[in-house]
Amino acid sequence: MLQSTNVKTIDKVVVRFAGDSGDGMQLAGNIFSNVSAGEGNLISTFPDYPAEIRAPQGSLSGVSGYQVSVGKGVHTPGDSADVLVAMNPAALKTNLKFLKPGGIIVCDGDSFTPSNLQKAEYKTDDPVSELGIDPNRILLVPMTTLLKHTLADSGMDQKAMMKCKNMLALGLICWLFDRPVDRVLARLKAKFAKKPAVYEANAKVVQAGWDYGHNTHSSLSTYRIETESVAPGTYVDVNGNTATAWGLVMASEKSGRPLFLGSYPITPATDILHELAKRKDLGVKACQMEDEIAGVCSAIGASYAGHLAVTSTSGPGLALKSEGIGLAVMAELPLVVIDVQRGGPSTGLPTKTEQTDLMQALYGRNGESPLCVLAAASPTDCFNMAFEAARIAIEHMTPVILLTDAFIANGSSAWRVPEEKDYPEIKPRFVTPEMLENGWKPFDRDPETFARFWAIPGMEKAMHRVGGLEKDFDTSVISTDGPNHERMVECRRRKIAEIAREVPLVQPMGDADADTILIGWGGTYGHLLTACNELNATGHPCAFWQFRYINPMPSNALEVLSRYKKIIVAELNTGMFADYLQMHLPGKEILRINKVEGQPFLVKEIVDGVVKHMNA
């Protein structure tokens, strides 16, 4: 064991793993995150995938990154890293900008070969000097040499050995931050349960990395990361896509409606389909359809048949689904549409994040097609908002679009697995026998919510027809009458507006006496909350609110916002939500902080932007 004098206690730390796409950086980072969550730390992760499909090994364009912040008060993956793990010269060169001044670099010294230096476009044979790195802040580990020595008796060829190199780096980082190796081994054993030889090799390599750190501890100290005071329970590291899938499963249980997913694979939403395809044990039907249109249409058919119907996609797919969503609006069927936003337009930046589908979600259909639009605020909040989207869809007989984004869909947080009793029962509005006896019609409505009732095929005396043509308000038969159409349009609009009665009210956080409020929506929550805390700590009074309910907004939203002298909206687009608020608050100037680079905000960017607006 290390002597206590070599252990420093810190509140939180940011580690960035970087290497070729095939170097296993996502796996190493994910295991480190899982182990840290199990230790009681809060975590926030940012997997940064290259846009290219397997660029040449060792090239600058093929570098993959995984950044994780671990400790107390963690809301973001961090603006910059305390420790950079670089597996080759290209990773070092492209990721050095993410390292804090004075941060530590752990690098594979064996990778500094003439070939790798050439591919990474170095001008000299000394990357450390060329990049201006303090030699005292970089640990050049002979990873390849250690790897070959550790697995010399394994019978593995060199190619197979090299696949284990990420575990050597992981073992070293676990030593550096006092992470228990046995928890890492448990994760590996679960992953390679059907490949015991692969597990044994990786286990030996992890231990070798930890031992290397232990044997060189005179040059670096180890760190103990503080933990939060957390409620008792089971904690896991969960990403947004998985949490979304699990939230839908919970909604299925609470509504008594079987879950159906009809989807077409698309980055970065595909993992929702993958996760639900595994849940046959819970009665989930997950169908990979031939295209996006088939995905939404199959879900509409499942909804008509009485299922909790879902379709998942990203921005290009949402465009293709628009006609089908309009059909669900007209037929007034419950449907959950999940849009995991990515950089656009068109194919755009499939592996990068943006918030650029907001206007498409609100208005991207022909005619007057109102529906509910929600946005998840974090990876773990994806569970809550998926459940909420399903609840609203079923209880109000409407399509609901749930917006997440690549940042929170791929990123993860420590999450306490909830109890079933923590979530309310979802109550479908079924046609009752009494209604059938009294001459029920398909578009009879609940007088309070304006939602029509759900008749499941096979219910005696409930044969009915819905579709894309307008119906008469009183008789429910096809109608082309102008005044009736206007009445139905207003009724569908009011049905969505009535949802606001169930939406939590706006209760700004931060400084209660501030005359400036910072506003965001969706997955920027952690960055904006951290920025607000920093602003208040440095004498810049600021309030903060993150919108998760966008249409309808909370019923007190406009009244609360109108109290502030300055309203600043920060979002990863050119100002879509700011425009939306400006439309509802014509007497106020909505100030903006925008970023459209395929990357999440840095906290510093928000702090600087708010201070600039305050001083204007």
Side-chain angles (χ1 to χ4, degrees), residues 251 254-257 299-309 324-337 362 365-374 388-401 424-503 549 551-553 555:
K254 285 295 190 175
S255 65
R257 294 292 86 207
I300 291 171
S303 176
Y304 184 79
H307 286 62
L308 166 54
I325 297 170
L327 170 60
V329 170
M330 179 62 96
E332 299 190 45
L333 287 167
L335 175 69
V336 177
V337 181
L362 288 167
R365 296 161 296 283
N366 68 298
E368 298 284 348
S369 299
L371 49 70
C372 182
V373 178
L374 309 178
E388 183 70 347
R391 183 194 68 79
I392 291 173
I394 288 176
E395 294 186 350
H396 292 268
M397 295 295 287
T398 178
V400 177
I401 294 179
E425 180 184 356
I426 296 175
K427 301 175 182 178
R429 298 181 184 279
F430 290 129
V431 173
T432 64
E434 292 77 15
M435 294 169 64
L436 292 170
E437 291 296 329
N438 292 327
W440 165 81
K441 297 180 290 297
F443 286 91
D444 287 345
R445 300 180 183 278
D446 181 297
E448 291 187 0
T449 66
F450 287 81
R452 77 176 189 89
F453 296 90
W454 205 1
I456 307 301
M459 293 177 65
E460 190 175 357
K461 299 181 180 180
M463 185 181 296
H464 67 290
R465 180 183 300 165
V466 295
L469 291 173
E470 186 66 280
K471 307 299 189 295
D472 185 270
F473 185 92
D474 297 310
T475 66
S476 298
V477 301
I478 293 173
S479 171
T480 57
D481 179 67
N484 175 77
H485 175 58
E486 185 172 19
R487 186 181 183 187
M488 290 293 279
V489 165
E490 173 59 23
C491 187
R492 288 188 289 267
R493 186 200 65 79
R494 186 170 178 183
K495 180 178 74 169
I496 302 303
E498 289 297 321
I499 297 171
R501 296 191 302 173
E502 304 169 7
V503 171
Y549 297 83
N551 188 43
M553 287 188 287
S555 57

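Ring centroid separation for the pair Phe443 and His464 does not come in under the 6.0 Å cut-off.
Of all the heavy atoms in Leu335 and Ala299, the pair that sits closest is CD1-CB, 3.6 Å. Considering all non-hydrogen atoms of both residues, Val329 and Pro370 come closest at CG1-O, 3.8 Å. Contact detail for Cys491 and Phe473: the closest heavy-atom pair is SG-CE1, 3.9 Å. Nearest approach of Val431 to Ala455, heavy atoms of both residues: CG2-CB, 3.8 Å. Minimum interatomic distance between Thr398 and Cys372 (heavy atoms only, all atoms of both residues): OG1-N, 4.4 Å. The nearest pair of heavy atoms linking Asn484 to Ser479 is ND2-OG, 3.4 Å.
Between the side chain of Trp454 and the backbone N or O of Ser303, at least one donor-acceptor pair lies under 3.5 Å. Using modelled atom types, one side-chain atom of Glu395 and one backbone atom of Lys427 make a donor-acceptor pair closer than 3.5 Å. Using a distance-only test at 3.5 Å, with no hydrogens or angles considered, no donor-acceptor pair links the side chain of Arg257 to the main chain of Lys254. Within the 3.5 Å criterion, the main-chain N or O of Met397 finds a donor-acceptor partner in the side chain of Lys495.
Using a 4.5 Å heavy-atom cutoff, the side chains of Ile392 and Leu374 are in contact. Looking only at side-chain heavy atoms (C-beta outward), Ile496 and Pro552 come within less than 4.5 Å of each other.
The list of salt bridge (Lys or Arg N to Asp or Glu O under 4.0 Å) pairs with a residue in residues 444-453, not counting sequence neighbours, reads Glu332-Arg445, Arg429-Asp446, Lys441-Asp444. Sorted by first and then second residue, the pairs that involve residues 467-477 and meet side chain to side chain donor-acceptor pair (under 3.5 Å), not counting sequence neighbours, are Glu470-His485, Glu470-Arg492, Asp472-Thr475.
Atom OG of Ser555 sits about 11.0 Å away from atom CD of Glu498, to the nearest 0.5 Å. The CG atom of Leu327 sits 7.5 Å away from atom CG of Leu333, with the distance rounded to the nearest 0.5 Å. Within the model, atoms CD1 of Ile394 and CD1 of Ile426 stand 5.5 Å from one another, a figure rounded to the nearest 0.5 Å. Considering OG1 of Thr449 and CD1 of Ile499, their distance stands at 9.0 Å, rounded to 0.5 Å.
With sequence neighbours excluded, the residues forming a salt bridge (Lys or Arg N to Asp or Glu O under 4.0 Å) with Lys461 are Glu437, listed by chain and number.
Within 6.0 Å of CD in Glu490 there are more than 12 heavy atoms belonging to other residues, nucleotides or ligands.
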